[in-house]
Q: 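My structure is below; once you've seen it, I'll send some questions.
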Number of protein chains: 2
Amino acid sequence: MVDRKTFTKQAKMLKALAHESRLMIVDSLSRRECSVGELRDMLDCDLSTVSKHLALLRAHGIVDDRREGTTVFYRLLTPCVCNFFICATQVLKERAR
Amino acid sequence: MVDRKTFTKQAKMLKALAHESRLMIVDSLSRRECSVGELRDMLDCDLSTVSKHLALLRAHGIVDDRREGTTVFYRLLTPCVCNFFICATQVLKERAR
DNA sequence: TTTATAGTTGACAGGATGGCCAAATAAGAA
DNA sequence: TTCTTATTTGGCCATCCTGTCAACTATAAA
């Protein structure tokens with residue numbers, strides 16, 4: 001039997017990832033460190049919006065940042081989040097049948 | 001490079017799972033078929049609330065139902081969603097370090 | 001046919017999310 | 001110091017999510 005609190009934690013983690021832009025951010029960061037500006041170019045939305053998505057991911061311990069001059073670089077703190085992509089792909093495939 | 005639409009689909013799927021009650025439902029259904037009433041007893045909330053969570057999961061092709069008399073039984077349609085539990089546990093563990 | 005049981009659906013309220021703009025901050029360059 | 005670039009934060013609004021109650025539907029039993 002699994003503890004209710006565990007489900008709560010897992011739900012919070014899933015919620016943090018359950019957004020198109022945040023998934024795209026995680027995918028990018030899984031390849032290499034990126035600045036906020038680079039991520040905005042990819043997502044094509046307001047810089048402040050990207051910054052807030054990153055703040056949320058950081059609050060959940062998924063990413064971390066470091067400043068280099070005026071630029072802030074983000075990196076993946078828990079690379080295994082990428083396994084979610086594998087899971088999701090698998091479910092979508094299984095569902096399609 | 002991954003298609004933007006793929007991220008959209010994955011995000012929708014994650015959103016469907018990103019709720020404590022729905023995770024608990026999926027976990028229960030991974031063990032055996034359950035009626036709405038049984039799930040309500042486990043979740044301890046309004047029957048209509050459970051019914052809506054189930055409707056949402058069904059709309060995403062994650063569960064399916066069958067009626068037996070006045071009772072409706074739900075079952076997991078894509079058992080591989082359980083891999084999300086493994087992923088989530090792994091991330092929470094990696095994050096804890 | 002009436003009654004009881006099991007679920008679903010609609011309406012509604014409160015709270016959480018997401019996105020943009022504008023203002024604030026941080027750091028380097030002039 | 002002042003200016004510029006990069007990013008964060010606060011305010012605001014629109015939208016979505018959750019949960020509850022009440023009303024409705026479906027099926028079986030009396």
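Basis for what follows: all heavy atoms, side chains included, without hydrogens, waters or symmetry-related copies. Everything numeric in this text was worked out from a predicted model, so none of it was measured.
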Q: Measure CG/A:Leu43 against C1'/C:dG18 and give the value in whole Å, please.
A: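 The answer, rounded to whole Å, is 13 Å.
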Q: Please give, in whole Å, the distance from C:dT8 C1' to B:Leu57 CG?
A: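 The distance from CG of B:Leu57 to C1' of C:dT8 comes to 15 Å, rounded to the nearest Å.
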Q: May I ask you to list the residues of residues 6-16 of chain B, by number, that have any heavy atom positioned under 4.0 Å from an atom of DNA chain C?
A: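 The stretch gives none, as no residue of it lies under 4.0 Å from the strand.
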Q: Please report the distance, rounded to the nearest Å, between CD in A:Glu68 and C1' in C:dA26.
A: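 Rounding to the nearest Å, CD of A:Glu68 and C1' of C:dA26 are 15 Å apart.
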Q: What pair of heavy atoms forms the shortest contact from B:Leu77 to B:Pro79, and how long is it?
A: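 Looking at all heavy atoms of both residues, the shortest contact is O-CD, 3.4 Å.
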Q: Let me know the distance between NE2 of B:His60 and C1' of D:dC17, rounded to the nearest Å.
A: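 The answer, rounded to whole Å, is 13 Å.
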Q: More than 12 heavy atoms of other residues, nucleotides or ligands under 6.0 Å from CG of A:Asp44: is that the case?
A: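 For A:Asp44, atom CG is not crowded (no more than 12 foreign heavy atoms under 6.0 Å).
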Q: Take the protein atom CG of B:Asp44 and the nucleotide atom P of D:dG19, then report the distance between them rounded to whole Å.
A: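 About 12 Å, once rounded to whole Å.
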Q: Without decimals, in angstroms, what is the distance between B:Asp41 CG and C:dA6 P?
A: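 So the two atoms are 10 Å apart, to the nearest Å.
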Q: Looking at side-chain heavy atoms only, is the closest gap between B:Val63 and B:Arg58 below 4.5 Å?
A: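 Heavy-atom side-chain distance check passes, below 4.5 Å.
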Q: Using a cut-off of under 3.5 Å, enumerate the N/O to N/O pairs linking the protein to nucleotides 3-13 of chain D.
A:
from, atom 1, to, atom 2, distance (Å)
D:dA6, O4', A:Thr70, O, 3.4
D:dA6, O4', A:Thr70, OG1, 3.4
D:dA6, O3', A:Thr70, O, 3.4
D:dT7, OP1, A:Val36, N, 3.4
D:dT7, OP1, A:Val72, N, 3.3
D:dT7, OP1, A:Val72, O, 3.4
D:dT7, OP2, A:Gly37, N, 3.1
D:dT8, OP1, A:Tyr74, OH, 2.7
D:dT8, OP2, A:Ser51, OG, 2.6
D:dT8, O5', A:Ser51, OG, 3.3
D:dG10, O6, A:Lys52, NZ, 3.1
D:dG11, O6, A:Lys52, NZ, 2.9

Q: Looking only at non-hydrogen atoms, find the nearest pair between B:Ile25 and B:Met42 and report the distance.
A: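 Answer, listing the atom of B:Ile25 first, then B:Met42: N-CE, 4.2 Å.
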Q: Where does the angle between the aromatic ring planes of B:Phe84 and A:Phe84 fall among parallel (under 30°), tilted (30 to 60°) and perpendicular (over 60°)?
A: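 Ring orientation of B:Phe84 relative to A:Phe84: parallel.
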Q: Return the value, rounded to whole Å, for the distance between atom NE2 of B:His19 and atom P of C:dA16.
A: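 To the nearest whole Å, that distance equals 12 Å.
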Q: Distance check needed: C:dT9 C1' versus B:His53 NE2, whole Å only.
A: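 The answer, rounded to whole Å, is 15 Å.
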Q: Kindly indicate whether the side chain of B:Leu17, heavy atoms from C-beta on, has any atom under 4.5 Å from the side chain of B:Arg22.
A: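 The answer is no; the side chains never approach within 4.5 Å.
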Q: Using the six-membered ring wherever Trp is involved, compare the ring planes of B:Phe85 and A:Phe7 and label them parallel, tilted or perpendicular (cut-offs 30° and 60°).
A: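 Perpendicular: the ring planes of B:Phe85 and A:Phe7 meet at over 60°.
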Q: Give me the one residue out of B:Leu43, B:Val26, B:Thr49, B:Val50 that meets side-chain contact (heavy atoms from CB on, under 4.5 Å) with B:Ser21.
A: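 Going through the options one by one, the only one that passes is B:Leu43.
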Q: Which residue, A:Arg22 or A:Gly69, contacts DNA chain C at a nucleotide closer to its 5' end, judged by nearest heavy atom?
A: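 First, find each residue's nearest nucleotide; the 5'-ward one identifies A:Arg22.
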Q: Looking at B:Leu57 and B:Ala16, what are the two nearest heavy atoms and their distance?
A: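 Shortest heavy-atom separation between B:Leu57 and B:Ala16 comes out as CD2-O, 3.8 Å.
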